[in-house]
Number of protein chains: 2
Amino acid sequence: MATSTVENYLKQILLLSAGDDALVSMGDLAAALAVVPGTATTMVKSLASDGLVDHHLRHGVRLTAAGRRVALGVLRRHRLIETFLVEVLKMDWTEVHAEAELLEHAISDAVLDRLDALLGHPAADPHGDPIPTRLGKIDAQVYATLATCVVAQPLRIVRVTEQSGEFLQFAERNGLRPGARVRVAERDLAAGLITLKKTSGRTVALSLAAAGNILVAPAR
Amino acid sequence: MATSTVENYLKQILLLSAGDDALVSMGDLAAALAVVPGTATTMVKSLASDGLVDHHLRHGVRLTAAGRRVALGVLRRHRLIETFLVEVLKMDWTEVHAEAELLEHAISDAVLDRLDALLGHPAADPHGDPIPTRLGKIDAQVYATLATCVVAQPLRIVRVTEQSGEFLQFAERNGLRPGARVRVAERDLAAGLITLKKTSGRTVALSLAAAGNILVAPAR
DNA sequence: GGCTTTATTTTGATTAGTCAAATTCTTATC
DNA sequence: GATAAGAATTTGACTAATCAAAATAAAGCC
Ligand SMILES: [Mn+2]
Ligand SMILES: [Mn+2]
Ligand SMILES: [Mn+2]
Ligand SMILES: [Mn+2]
């Protein structure tokens with residue numbers, strides 16, 4: 001069995017490689033896991049010797065097929081648990097991430113399958129993050145963000161990446177949840193500022209950096 | 001935060017001291033936790049230095065008030081999780097113990113309170129084990145077992161101690177779950193054998209040792 | 001191309017939890 | 001009350017995960 005530390009490293013490498021098989025740097029990996037870079041190096045070497053990653057010394061790390069399988073399993077557990085906490089236990093979508101971070105390592109396949117059935121085999125979690133199937137298939141669709149989409153067009157929010165409580169609470173306060181309808185009223189690149197218009201008529205201002213965390217599709 | 005190892009030790013000391021404040025021997029504790037006796041000694045010393053147990057060198061260990069508080073919290077989580085797995089996810093009461101053994105260390109108070117409410121604040125888990133309240137109160141009622149109760153009287157099974165899959169499956173196969181009605185048809189102490197009669201008329205034979213794991217009360 | 005800055009790796013220590021085997025204490029038995 | 005058996009403790013060693021700080025390699029810059 002992979003320890004929860006190993007599971008966290010593999011999941012994080014998957015998330016940082018952004019779907020494709022890009023190399024993940026030790027610096028980024030260490031920062032994401034809140035450890036010192038030397039710790040990440042040591043751990044990655046041990047993952048490599050277990051055949052879970054390829055370590056390109058001094059250049060970065062990439063999942064092997066075996067490592068990717070494990071990582072997708074962890075991601076599936078994480079996202080189904082988040083969905084359960086919101087849909088069944090009625091918890092707030094801004095607070096479930098931390099809970100799932102622990103539970104993802106403690107739940108068995110038997111329990112997970114029942115949760116999945118109870119929830120009706122959802123395709124995405126409360127943040128809009130796609131849920132891998134039991135076979136490890138994951139929706140890789142690429143979306144525009146509020147920082148890159150066309151201006152003025154009616155949009156639908158499909159996903160909020162960035163799991164920090166502060167950011168999610170900001171999103172919730174301003175009605176920027178998956179499914180909400182908005183359009184970009186103005187994008188001032190010099191000031192790094194974006195102004196949204198909601199269907200309610202309300203406007204919301206946010207930075208380019210923040211806007212990059214909100215994925216959108218044309219409203220149909 | 002107590003590690004899950006610490007939580008397991010404290011919970012096990014509580015279970016082995018059987019409610020009262022009896023000293024628990026290192027041998028019993030080590031066996032219950034599947035570690036070597038020296039390991040239990042080392043761990044108990046560290047628990048003692050954290051003020052969670054009193055270690056009477058060479059005689060045994062007992063929980064302090066602080067240790068008991070932690071242990072009751074773990075027990076509450078364990079039993080509420082088992083109840084959830086059976087009542088909501090419809091899992092088998094013979095297989096939920098192992099699941100709860102891991103989940104009990106990963107679930108937060110916020111999630112637990114919501115589970116408790118969803119289940120209607122149950123007083124006992126699927127095995128009939130009493131669930132401590134949020135304040136650490138636990139039903140300490142003493143029951144007779146099928147090995148000690150009076151013969152011929154109509155009885156109701158209130159609890160099945162002993163969590164091993166084999167034993168629980170034996171109980172399930174023979175309809176010996178909490179709530180079931182039986183009476184002791186015959187108790188042969190020389191042979192160490194007990195014969196039960198169910199309301200259906202069916203008879204079940206079991207050893208004195210097995211009978212000691214089934215707690216009963218007079219059927220009202 | 002050589003020098004400087006930055007990222008990565010290495011080295012040496014530390015903590016939690018564990019086991020095997022030697023040692024010491026307790027208790028039962030004669 | 002001495003002794004043998006059994007239980008508990010101690011000692012030394014090991015694994016997983018981590019950090020601080022020194023060493024090294026890679027990139028960027030003039
Ligand atoms: Mn995690
Ligand atoms: Mn999510
Ligand atoms: Mn446990
Ligand atoms: Mn139980």
Side-chain angles (χ1 to χ4, degrees), chain A residues 1-14 16-18 22-63 66-67 70-71 74 101-102 104-106, chain B residues 1-18 21-63 66-67 70-71 74 101-102 104-106:
Chain A
M1 277 308 107
T3 64
S4 54
T5 302
V6 165
E7 290 190 336
N8 283 333
Y9 273 81
L10 295 174
K11 184 183 67 169
Q12 207 55 61
I13 294 168
L14 176 67
L16 290 174
S17 69
L23 280 176
V24 173
S25 77
M26 287 305 135
D28 289 356
L29 182 57
L33 291 164
V35 295
V36 118
T39 301
T41 299
T42 304
M43 190 63 203
V44 161
K45 289 190 154 214
S46 133
L47 295 176
S49 93
D50 290 348
L52 295 167
V53 302
D54 288 326
H55 186 195
H56 297 261
L57 202 75
R58 247 149 186 136
H59 290 278
V61 64
R62 195 195 318 268
L63 294 175
V70 175
V74 182
E101 204 54 54
L102 278 183
E104 67 189 0
H105 312 293
Chain B
M1 276 308 108
T3 64
S4 55
T5 303
V6 165
E7 291 190 336
N8 282 333
Y9 273 82
L10 294 174
K11 182 182 69 167
Q12 208 55 62
I13 294 168
L14 177 67
L15 292 174
L16 290 173
S17 68
D21 50 348
L23 280 176
V24 173
S25 76
M26 288 304 136
D28 288 356
L29 182 57
L33 291 163
V35 295
V36 117
T39 300
T41 299
T42 305
M43 190 64 203
V44 162
K45 287 189 156 216
S46 131
L47 295 175
S49 92
D50 291 347
L52 295 167
V53 302
D54 288 325
H55 187 194
H56 297 261
L57 201 77
R58 242 138 194 146
H59 291 278
V61 65
R62 195 195 320 267
L63 294 176
V70 175
V74 181
E101 204 55 54
L102 278 184
E104 67 189 2
H105 311 293

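By convention in this document, chain letters (A, B, ...) are assigned in the order of the sequence lines, proteins followed by strands, and residues within each chain are numbered from 1.
- On the nucleic acid side, DNA chain D has its first and last nucleotide under 4.0 Å of a heavy atom of chain B at D:dA8 to D:dT10, going 5' to 3'.
- Counting non-hydrogen atoms under 4.0 angstrom, A:His55 reaches the backbone sugars and phosphates but no base.
- With rounding to the nearest 0.5 angstrom, the CG atom of A:Leu52 is 8.5 Å from the OG atom of A:Ser46.
- To the nearest angstrom, P of C:dG17 lies 17 Å from NZ of B:Lys45.
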Sub-3.5 Å pairs of nitrogen or oxygen atoms, protein against nucleotides 2-6 of chain C:
none

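- Remark on the helix from C:dG1-D:dC30 to C:dC30-D:dG1: inter-end axis angle 10°, axes from five-pair C1' superpositions, rounded to 10°.
- When all heavy atoms of B:Leu63 and B:Ala71 are compared, the pair lying nearest together is CD1-CB, 4.0 Å.
- Note that CG of A:Asp28 and CE of A:Met26 are 10.0 Å apart. Values are rounded to the nearest 0.5 Å.
- Residue B:Leu23 holds its CG atom at 9.5 Å from NE2 of B:His55, rounded to the nearest 0.5 Å.
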query = When you look at B:Ile13 and B:Arg62, which way does the side chain to side chain contact (heavy atoms under 4.5 Å, CB included) test go after all the steps?
reply = CA-CA 7 Å; B:Ile13 294 168; B:Arg62 195 195 320 267; over 6 Å; no
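- The residue B:Thr3 sits close only to the backbone: its heavy atoms come under 4.0 Å of sugar-phosphate atoms, none of a base.
- Between B:Met1 and B:His105 the shortest side-chain heavy-atom distance does not fall below 4.5 Å.
- Side-chain atoms of A:Thr41 come within 3.5 Å of backbone N or O of A:Pro37 as a donor-acceptor pair.
- In this structure, CG in B:Leu15 is found 11.0 Å from CG in B:Leu10, a value given to the nearest 0.5 Å.
- Here the straight-line distance linking atom CG of B:Asp21 with atom CG of B:Leu14 works out to 11.5 Å at 0.5 Å rounding.
- Note on residues 3-18 of chain B: pairs passing salt bridge (charged side-chain N to carboxylate O under 4.0 Å, His left out), not counting sequence neighbours, are B:Glu7-B:Arg77, B:Lys11-B:Glu101, B:Lys11-B:Glu104.
- Taking both residues in full, the closest heavy atoms of A:Ala32 and A:Leu16 are given as CB-CD1, 4.1 Å, listed atom of the first, atom of the second, then distance.
- A heavy-atom distance below 4.5 Å is not found between the side chains of A:Tyr9 and A:Val61.
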Please enumerate all protein N or O atoms sitting under 3.5 Å from an N or O of nucleotides 18-22 of chain C, with distances to 0.1 Å.
from, atom 1, to, atom 2, distance (Å)
C:dT18, OP2, B:Tyr9, OH, 3.4
C:dC19, OP2, B:Val36, N, 3.0
C:dC19, OP2, B:Thr39, OG1, 2.9

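- Pairing each heavy atom of A:Gly51 with each of A:Ala66, the nearest pair is O-CB, 4.0 Å.
- Each of A:Val53, A:Asp54, A:Thr39 was compared with A:Val44 under the side-chain contact (heavy atoms from CB on, under 4.5 Å) criterion, and only A:Val53 meets it.
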Please list, for nucleotides 24-27 of chain C, all pairs of protein and nucleotide N/O atoms separated by less than 3.5 Å.
from, atom 1, to, atom 2, distance (Å)
C:dT24, O2, B:Arg58, NH2, 2.8

